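In this text the structure is predicted, and so the values were computed from the model without any measurement.
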Amino acid sequence: QVQLVESGGGLAQPGGSLRLSCAASGFTFSRFAMSWARQAPGKGLEWVSGIYADGSLTYYGDSVKGRFTISRDNAKNTVYLQMNSLKPEDTALYYCGRGWGTSSGYWGQGTQVTVST
């Protein structure tokens, strides 16, 4: 069965950095686009970033463009999200998902990112 396990969240100061990882199993990882989405308290799910199966195309939401970088290692079945210049409004539960966008039915359990002094 499809399993997606996120890690790397935590507490960061404004302007700081975190790197999220998502370990995938139960499917042929190299054949699927992967995405990161987030949900802040009281808000809906926001698509943050996506990457094609071969890494040839990436997407970033306007709120993270220029600060976040998505990457993947198909040999390790892992997708990453490097988050720099963090802002308090980046505070959310971050999910890794299989596919392009938020319509995929496969998501991990999420990892909490809190940006605060």
Side-chain angles (χ1 to χ4, degrees):
Q1 69 278 20
V2 175
Q3 285 195 325
L4 301 165
V5 180
E6 303 94 336
S7 61
L11 177 64
Q13 291 191 339
S17 298
L18 286 173
R19 189 194 195 203
L20 306 184
S21 298
C22 171
S25 62
F27 64 100
T28 306
F29 181 76
S30 60
R31 294 183 180 178
F32 288 86
M34 296 295 294
S35 290
W36 287 96
R38 67 187 182 186
Q39 187 164 26
K43 295 189 176 181
L45 190 65
E46 176 191 7
W47 186 27
V48 172
S49 186
I51 186 168
Y52 268 14
D54 61 0
S56 61
L57 183 69
T58 57
Y59 162 86
Y60 297 98
D62 287 342
S63 60
V64 306
K65 203 170 294 183
R67 300 188 297 120
F68 290 10
T69 302
I70 191 171
S71 61
R72 64 189 295 159
D73 185 337
N74 285 346
K76 295 183 178 180
N77 288 359
T78 302
V79 61
Y80 306 96
L81 187 68
Q82 177 67 44
M83 305 187 297
N84 299 329
S85 302
L86 284 164
K87 304 175 180 180
E89 50 264 43
D90 294 320
T91 295
L93 191 58
Y94 283 72
Y95 297 95
C96 166
R98 191 181 82 171
W100 188 255
T102 57
S103 61
S104 166
Y106 295 103
W107 296 95
Q109 82 290 346
T111 186
Q112 178 66 40
V113 171
T114 302
V115 184
S116 175
T117 56

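Shortest non-hydrogen contact noted between M34 and C96 is CE-SG, 3.7 Å. For the residue pair S17 and Q82, the shortest heavy atom distance occurs at CB-NE2, 4.0 Å. Residue R98 comes nearest to V2 through the heavy atom pair NH1-CG2, 3.7 Å, listed as atom of the first residue, atom of the second, then distance. When every heavy atom of V79 is checked against every heavy atom of F29, the shortest pair comes out as N-CZ, 4.0 Å. When every heavy atom of D73 is checked against every heavy atom of Y80, the shortest pair comes out as CB-CE1, 4.1 Å. Contact record, S30 with A53: O-CB, 3.3 Å, taken as the closest heavy-atom pair.
Between the CZ atom of F68 and the CG atom of L86 there is a distance of 5.5 Å, given to the nearest 0.5 Å. Once rounded to the nearest 0.5 Å, the distance linking OG1 of T102 with OH of Y95 reads 13.0 Å.
When each of L81, L57, T69, T58 is tested with I51 by the rule side-chain contact (heavy atoms from CB on, under 4.5 Å), just one qualifies, namely T58.
Side-chain contact check for F27 versus N77: every heavy-atom pair is 4.5 Å or farther apart.
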Can you list the steps and then say if Q112 with L11 is a side chain to side chain contact (heavy atoms under 4.5 Å, CB included)? CA-CA 8 Å; Q112 178 66 40; L11 177 64; over 6 Å; no
With side chain to side chain contact (heavy atoms under 4.5 Å, CB included) as the test, would you mind laying out the steps for R67 and M83 before giving the verdict? CA-CA 6 Å; R67 300 188 297 120; M83 305 187 297; over 6 Å; no
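Residue Y52 is grouped with residue Y59 when hydrophobic side chains (ILVMFWY) are merged at heavy-atom distances under 4.5 angstrom, including chains of intermediate members.
Between the Q109 side chain and the V5 main chain, no donor and acceptor come within less than 3.5 Å of each other.
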Show me the side-chain donor-acceptor pairs of residues 18-25 shorter than 3.5 Å, one per line, residues at least two apart or across chains.
none

Please tabulate, one pair per line, all N/O donor-acceptor pairs under 3.5 Å involving side-chain atoms of residues 38-47, not counting sequence neighbours.
{"from": "R38", "atom 1": "NE", "to": "E46", "atom 2": "OE1", "distance (Å)": "2.8"}
{"from": "R38", "atom 1": "NH1", "to": "D90", "atom 2": "OD1", "distance (Å)": "2.9"}
{"from": "R38", "atom 1": "NH1", "to": "Y94", "atom 2": "OH", "distance (Å)": "2.9"}
{"from": "R38", "atom 1": "NH2", "to": "E46", "atom 2": "OE1", "distance (Å)": "3.3"}
{"from": "R38", "atom 1": "NH2", "to": "S63", "atom 2": "OG", "distance (Å)": "3.2"}
{"from": "Q39", "atom 1": "NE2", "to": "K43", "atom 2": "O", "distance (Å)": "2.9"}
{"from": "E46", "atom 1": "OE2", "to": "S63", "atom 2": "OG", "distance (Å)": "2.8"}
{"from": "W47", "atom 1": "NE1", "to": "S35", "atom 2": "OG", "distance (Å)": "3.1"}
{"from": "W47", "atom 1": "NE1", "to": "S49", "atom 2": "O", "distance (Å)": "2.9"}

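Residues meeting the ring pair (Phe, Tyr, Trp, His ring centres under 6.0 Å) test with Y60, sequence neighbours left out: none.
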